[in-house]
Amino acid sequence: MTGPDGDLVNVIDPAHESASAPTLQALSRVQQLNPNITFEITFVPVSGATRDFLCNVTRPGTEFEHSPQIDAVNGADIVIVGIGGNDAHFGDFAKTMLTSKEATTEADFGNFMTPLQDGSYLNAQLAVYQDIANRMSPDGTVIALGYPKVMPDQVPSGSPSPVSELLISSREAQLANQFGETISSLNQQAIETLAQSTGPATSSTAT
């Protein structure tokens with residue numbers, strides 16, 4: 001990008017479309033193992049995206065404008081979907097965990113879990129998966145990603161690492177893992193429900 005004085009400015013795309021993203025690495029490996037198969041890959045991640053972003057142009061009128069992500073699935077044979085964590089406000093929970101005492105984190109945890117327990121998250125995920133499946137090729141496959149366990153159940157003490165009891169207690173780490181595991185479980189339930197309505201060839205899950 002060129003700045004107002006004509007100098008080149010290094011600007012990072014806020015969508016964070018990394019060429020070293022795990023999904024691209026996995027697909028590259030699949031291509032290596034299947035050299036006689038032609039793969040056409042469309043990679044459209046948007047950092048911080050929620051379900052509402054799927055059908056909208058992101059950052060319109062800027063050099064980082066992106067077409068609606070949902071457009072990329074039209075006619076696709078395979079779609080890998082990694083969405084839901086931002087809708088569940090996992091980032092907000094992480095901020096609470098890092099900036100609050102354990103008692104505050106535990107008190108707020110129930111509020112974060114409510115949409116995961118009352119069916120609203122599950123229904124919204126299923127609606128997204130169904131929309132994607134309807135746009136794909138008739139025999140397409142939807143792969144819904146889960147969330148890995150990123151925190152130890154027992155946080156080491158006395159370490160300058162961000163994962164230490166200086167910032168996060170073991171109880172908070174356990175709550176974070178429970179949060180992520182619940183999201184993954186609901187994503188799996190949604191994709192299994194989709195499979196029941198569209199056929200086993202259309203859906204699968206991965207973590």
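Given the structure is predicted, the values throughout are model-derived calculations rather than measurements.
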Distance-only polar pair, side chains of Asn86 and Thr50, donor-acceptor under 3.5 Å: no
Which residues pass the side chain to side chain contact (heavy atoms under 4.5 Å, CB included) test with Asn34, not counting sequence neighbours? Val30, Ile37, Phe39
Taking C-beta and beyond as the side chain, do Gln125 and Tyr121 meet within less than 4.5 Å on heavy atoms? yes
Could you pull out the closest heavy-atom pair between Ala190 and Leu126, with the gap in Å? O-CD1, 3.4 Å
For the residue pair Met151 and Ala176, what are the closest heavy atoms and their distance? CG-CB, 4.3 Å
Main chain of Ala127, side chain of Asp131: is a donor-acceptor contact present, judged purely on distance under 3.5 Å? no
Within the distance-only criterion (no hydrogens, no angle test), does the side chain of Thr182 pair as donor or acceptor with the backbone N or O of Gln178 below 3.5 angstrom? yes
Side chains of Thr96 and Phe112: does their closest heavy-atom pair fall under 4.5 Å? yes
According to side chain to side chain contact (heavy atoms under 4.5 Å, CB included), who are the partners of Asp153, at least two apart in sequence or on a separate chain? Lys149, Gln174, Asn177
Does any N or O in the side chain of Thr193 come within less than 3.5 Å of the main-chain N or O of Gln189, such that one atom is a donor and the other an acceptor? yes
Using modelled atom types only, decide if a donor and an acceptor are shared between the side chain of Tyr147 and the backbone of Gly85 within a distance under 3.5 Å. yes
Keeping the roles fixed (side chain from Asn187, backbone from Leu145), state whether a donor-acceptor pair exists under 3.5 Å. yes
Inter-residue atom distance Thr42.OG1 - Asp71.CG, 0.5 Å rounding: 11.0 Å
For the residue pair Phe90 and Phe179, does the interplanar ring angle fall in the parallel (under 30°), tilted (30 to 60°) or perpendicular (over 60°) class? tilted
Say you draw a straight line from CG of Asp108 to CE of Met97; how long is it, rounded to the nearest 0.5 Å? 12.5 Å
Gln31 and Ile41, any side-chain heavy atoms less than 4.5 Å apart: yes
Okay, side chain of Gln188, backbone of Ala144: is any donor-acceptor separation there less than 3.5 Å? no
